[in-house]
Visitor: 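Please find one structure pasted underneath; my questions will follow.
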Amino acid sequence: MSYIESIALGTMSPGRERPITNDIRINTMKRNTSQREAIKAVFEKERRALCIEEVLSGGQHLVKSLNQATVYRNLKLLVDEGWLKKWHHPIRGSMYEPTDLAHHHHFHCRICEHIYEIEGCLLDPSAKTPAGFLTEAHDVFLYGVCPTCRKTVP
Ligand SMILES: [Zn+2]
Ligand SMILES: [Zn+2]
């Protein structure tokens with residue numbers, strides 16, 4: 001946590017008394033900041049792509065006032081700030097993940113619906129696009145059954 005974030009969270013004194021007239025505004029700001037910090041904490045713990053519902057249930061353990069609307073608003077802010085990336089999974093829909101994750105791919109388990117991060121790149125580097133195409137990015141989605149669910153399904 002940075003010094004500025006600590007001040008915003010109220011865990012560190014900014015070095016001067018804040019004016020009483022600003023209390024309501026500061027309390028609102030503090031609440032918004034702690035909601036956002038709770039959402040960031042969920043991603044920092046999981047280090048993987050999450051849907052809104054997963055962020056909501058993880059974040060509510062930290063900040064009870066979180067609801068779907070506040071989570072959605074804060075996710076949007078974090079995307080605008082460049083801290084999160086929003087992308088679309090063909091089955092799960094909108095997903096969010098930290099932008100600092102290295103290039104990776106996603107495995108969707110059809111039993112538990114969990115999306116796993118698969119480290120590194122699975123594309124064959126010798127596979128080339130036809131002449132004239134400039135490839136700038138790619139997505140690879142894998143589908144199947146995760147190790148945990150394989151133990152419970154034949
Ligand atoms: Zn599974
Ligand atoms: Zn790749």
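Whatever order the structure lists ligands and atoms in, that order sets their numbers, starting from 1.
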Visitor: If the cut-off is 2.8 Å, does any N/O/S atom of Cys112 fall short of it from the Zn ion (ligand 1)?
Guide: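 Short answer: yes, at least one N, O or S atom is under the cut-off.
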Visitor: Considering all heavy atoms of both residues, which atom of Ala41 and which atom of Leu62 are nearest to each other, and what is their separation?
Guide: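 Shortest heavy-atom contact: CB-CD1, 3.8 Å.
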Visitor: Determine the minimum heavy-atom distance between His105 and Cys121, stating which atoms define it.
Guide: NE2-SG, 3.5 Å
Visitor: For the atoms SG of Cys146 and SG of Cys109, give the angle they form at the Zn ion (ligand 1), rounded to 10 degrees.
Guide: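 An angle of 120° at the metal.
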Visitor: Could you tell me whether Glu54 and Arg92 make a salt bridge, using a distance below 4.0 angstrom between a side-chain N and a carboxylate O?
Guide: yes
Visitor: Does His104 put an N, O or S atom under 2.8 Å from the Zn ion (ligand 2)?
Guide: no
Visitor: Please state whether the rings of His89 and His108 are parallel, tilted or perpendicular, taking 30° and 60° as the class boundaries.
Guide: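 Taking His108 first and then His89, their aromatic rings sit tilted (interplane angle of 30° to 60°).
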Visitor: Can you name the N, O or S atom of His103 that is closest to the Zn ion (ligand 2)?
Guide: NE2
Visitor: Evaluate the salt bridge (charged side-chain N to carboxylate O under 4.0 Å, His left out) criterion for residues Lys40 and Glu81: first the C-alpha distance (whole Å), next the side-chain angles of each, then the deciding distance (0.1 Å), finally the verdict.
Guide: CA-CA 12 Å; Lys40 285 172 102 169; Glu81 285 170 20; 5.2 Å; no
Visitor: Can you tell me which N/O/S atom of His138 has the shortest distance to the Zn ion (ligand 2)?
Guide: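 Distance check against the Zn ion (ligand 2) picks out NE2 in His138.
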Visitor: How large, to 10°, is the angle at the Zn ion (ligand 2) when you draw lines to SG on Cys121 and to NE2 on His105?
Guide: 100°
